[in-house]
Amino acid sequence: MTELAKTYTPQAFEGKWYQYWMDQKFFHAEPNSDKEPFTIVIPPPNVTGVLHMGHMLNNTIQDVLVRKARMEGKNACWVPGTDHASIATEAKVVQMLRERGIKKSDLSREDFLKYAWEWKEKYGGIILDQLKKLGASCDWDRTRFTMEPKLSEAVIEVFIDLYNKGLIYRGLRMVNWDPLGKTALSDEEVIHKEVQSKLYYIKYFMADGSGEFVTIATTRPETILADVAICVNPSDERFKAIVGKKVWVPFLKREIPVIADDYVDMDFGTGCLKVTPAHDVNDYALGQKYGLPVIDILDENGFLNADAKDERYIGKDRFAVRKQIAIDLVEAAHILKIEEYKNQVGTSERTGAVIEPRLSLQWWVDMKKFMERNPQVLEAVMSDEIQFHPAKMKNTYKHWIDNIKDWCISRQLWWGQRIPAWYNESGNFVGVGKTAEEALINRANTNDFAKAKADETTPNTQHPTPNAQHPTPNTQHPTPNAQHPSPNALHQDEDVLDTWFSSWLWPISVFDGFENPENEDIKHFYPTNDLVTAPEIMFFWVARMIMAGYEWRGEKPFSNVYYTGIVRDKQRRKMSKSLGNSPDPLDLIAQFGADGVRMGMLICSPAGNDILFDESQVEQGRNFANKIWNAFRLVKSWEVKPDNGFKPEIIISNNISANWFAGRLLQALIDIEDKYKGYKLSEALMGVYKLIWDDFCAWYLEMVKPVYGEPMNESTFNQTIAFFEELMKLLHPFMPFITEEIWQSMATRKAGSSICIEPYPIPRNAQSPDLSRVFETIQQIRNLRNSKGLSPKIAFEISIKANDKSLYEPYNFLIQKLANISAIHYVLVQPDGAILLPVGTDEVFIGLSLKIDLVADREKIEQEIIYLEGFMKSVNAKLSNAKFVANAKPELVEKERQKKADAAQKIEILRKNI
RNA sequence: GGAGGCAUAGCUCAGCUGGUUCAGAGCAUCUGCCUUACAAGCAGAGGGUCCGCGGUUCGAACCCGUGUGCCUCCACCA
């Protein structure tokens, strides 16, 4: 037998076994199987991403679920892949180009995309290799990319389909504009942050030259150059006189009207609002309502354009102008005062830039209509057809669905799926189609509804507001050209689609469910089983996948959604690159082993709770691996001989120990399965941890361990190996590497075998002896040794006075072995001068004359008596309460009576002891 | 501004439909041990007004109300 290292060295095994698993194709699944499918699609990480702690947690959980399912004999399929992440990736490419001295604006679309693909080929997919280090059992043959040709085709088809169904429209609307990314964003991509800013009180002088003025409070003085009106509340007495009159915009001397509308809050600021339709969502609504002009003074970069009219500011950044104009206003005596003010500003999720509300023509999905077609999207979640873990997430989901808004899906970027809309030479919309030809044909064939929708709107036509939340639905398409142009004269929309417009198809598109809706893969693997993701993308992704599932498959995309928490550091700060508080996952793996890291991440991360990561947890994981390793070393070291060479007592004793452990194993299996069912993975892992460390190592192995130098009998050895094997299988989903290594070396295995595909342990009947009194006796004796400074090496005799001897006598060998007792006597009265240890309502006597701190002992016992007497009192109170006896369940009353009797007996024992 | 959630040991969390599992676990702490598998270990111990205050009930960590403190999500008050 080869010597095993004293400590477990993960580096020696992890690479080897991962390679083996790959070679043997254990992770690959085909639909031609009688096995029940079990599918997970990975939340595709950004193609340019690098593994961070969040990924580690998320993918460890997925791997646990998949590995367990695989061992349960299911056709387990975990589909990996990456997301093209249009904004994030484009931003990175732009930055890379800038470093090389190339400006994006100097490149053609084609050239830029060439660079982007180059970048993707070079850095894309690093993260997938990193996942392998973690042990992720993905079906790598199925790796997909959201921008690969087939998936892009699906996206385009879906766009066309939605357009034909009348669910997509193009509209001039206020959008969230990211001046850094130079693109529109959906509401979900905007993060509101509280910032400290200033509230400027600015004087607007009456245009009649009277010298009178009104004061307006604003946080954005630069937008006064885009003002088109002043608005007050109609019932505000202070301003009644000026409604209908005109004021001058500071500096510009442009005359603008004073209007009145209920929207204005009389109590806020000065009760007087400046109206800037081009740069504020509410102002835009007001502008629409009162037919005000729109003056847009900002360009796509957030710089002031010529429409600002004031030379001092044109061509300058909005924030620079804000500072400058404030100074200029003060100088011109236009400022009454400036106050510190806290308010919320929207920022871009990707670039961090402050969002600018901007009027622009974008493509939208009509979500209200979409939801009307697919009511199951909400119903399925509320009825637990799709289960959320934790369930409290259902509230958040419902709230979003109930207040759903149209989805802005066009992005002014190049990296992504180009919108399949076509325009004629004068820029007028012609139609939608994969090609110009198709767009023309499609236009002719477009169903009546879509055609009507496309035709009904001409610029500047207003429609009644169907919903107060959508002040400006103003759906419009430029009037299509009456005569059909030739395809050559058409040009395609310059914009691409929102990344999430491809991600929402992921569970379907990875199985080519759009290209070929009846193919074997999708029929077998869809709907998928579990989705593991972060709560912050519930709206971006989870909700929309559910929508897509019902719209195109008529079926839910998954049955369970497990929301992970955010990984934070000990101070509860979110782990992030910028804070530098996130350890490099690969370093951690190198240091503690993948198994240790997996265990460290999972041991304290209940679903939906943030996990406070600390390296000590990973250390705990490593220690656990080491513990298992050493248990294995022990078992391996035994010299095994046939049973007939042993005394029968030894065989009998060992059988008792084995039976006891079998019972513990049974109970643990049931408990652990229960935890899995509730997706309480941390608790399931804890169950395995305690079963292995406490029950198996600390108790069972010590029970059967031969004295040093003695051999082990064969049947017990085999039984122990069988237990060990069960434990390894139980642990395998959590710690795949060490379990494989040990499983492979604990017995001779067939070529091509693996614990990965071994059957997951199922509960088996076991008759387990009740050793609770025996264990308590052992613990009491150990405790005594500890407190009295008695070496464990000194053996002594004990006497037991028990109500029921059968709870002790058959197990004498255990007490002797584990507490180092030389002999056990059963007595009816207390031996003279013996020390008493209470064990339940029984008494254990130690016949040693020891130097004992009598006072301290006595105090302790007296305290215990006081406690028990108090306890008796409360039990008595219960029992003498007629209402309790009448109302409580009879077995409960009986229990109370038993408790009373036990307590009385214990008190008696303790009294005697004093 | 709206909605939701949380508060139990030093830390992270269990605690199902109210009753004994005299409120549990892991980690951390403390005390003894280098006992031939493991010091990344062994044996043991201590540690809690279940956030405050009311109420319902025979009985409350659990149900209701209220206060306080934290967190998350949503949101266009200049």
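As the structure is a prediction and not an experimental result, all values here were calculated from the model. Numbers restart at 1 for each chain; the letters A, B, ... are given by sequence-line order, proteins then strands.
Because its NZ or CZ atom is both nearer than 6.0 Å to the ring centre of A:Tyr201 and within 45° of the ring axis, A:Lys337 counts as a cation-pi partner of that residue. In this structure, A:Arg664 fails the cation-pi test against A:Trp693, since its NZ or CZ atom is not both closer than 6.0 Å to the six-membered ring centre and inside 45 degrees of the ring normal.
Among the protein residues, A:Leu273 comes within range of the nucleic acid bases, having at least one heavy atom under 4.0 Å from a base atom. Residue contacts shown for A:Tyr263 include a base, since a base heavy atom lies under 4.0 Å away.
Along RNA chain B, the nucleotide nearest A:Glu683 and the nucleotide nearest A:Arg220 are compared for position; the residue whose nucleotide lies closer to the 5' end is A:Glu683. Nearest-nucleotide positions on RNA chain B for A:Trp699 and A:Thr219 put A:Trp699 closer to the 5' end.
With both pairing distances under 3.5 Å, B:rG52 is matched to B:rU66 as a Watson-Crick or G-U wobble pair. When Watson-Crick and G-U wobble pairs are counted only if both distances are under 3.5 Å, B:rC27 pairs with B:rG10.
Scanning all heavy atoms of the two residues, the minimum distance from A:Lys203 to A:Pro250 falls at O-CG, 3.7 Å. When all heavy atoms are compared, the tightest approach of A:Ser745 to A:Lys636 is O-NZ, 3.1 Å.
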Can you check nucleotides 27-32 of chain B for protein contacts, nitrogen or oxygen pairs under 3.5 Å, and list what you find?
{"unit_1": "B:rC27", "atom_1": "OP1", "unit_2": "A:Tyr689", "atom_2": "OH", "d": "3.1"}

What N/O pairs connect the protein and nucleotides 7-9 of chain B at under 3.5 Å? Give each pair on its own line.
none

List every contact pair, protein side and nucleotides 61-63 of chain B side both N or O, where the distance is under 3.5 Å.
none

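For A:Tyr341, counting side-chain heavy atoms from C-beta on, the closest listed nucleotide (B:rA78, B:rU72, B:rG5) is B:rA78. When each of B:rA37, B:rG15, B:rC77 is scored by its nearest atom to the side-chain atoms of A:Asp265, the top-ranked nucleotide is B:rC77. Listed nucleotides B:rC73, B:rU35, B:rA25 differ in distance to A:Lys793; the shortest reach to its side chain belongs to B:rU35.
If you check distances only, the side chain of A:Lys627 does reach the base of B:rC38 with a donor-acceptor pair under 3.5 Å. Counting atom types as modelled, A:Gln779 pairs no side-chain N or O with a base atom of B:rA45 as donor and acceptor under 3.5 Å.
No side-chain donor from either of A:Asp265 and A:Asn233 sits under 3.5 Å from a side-chain acceptor of the other.
The six-membered or imidazole ring of A:Phe734 lies away from that of A:Tyr689, with a centre-to-centre distance of 6.0 Å or more.
Regarding contacts with the backbone of B:rA39, a side-chain N or O of A:Lys6 is found under 4.0 angstrom from either OP1 or OP2.
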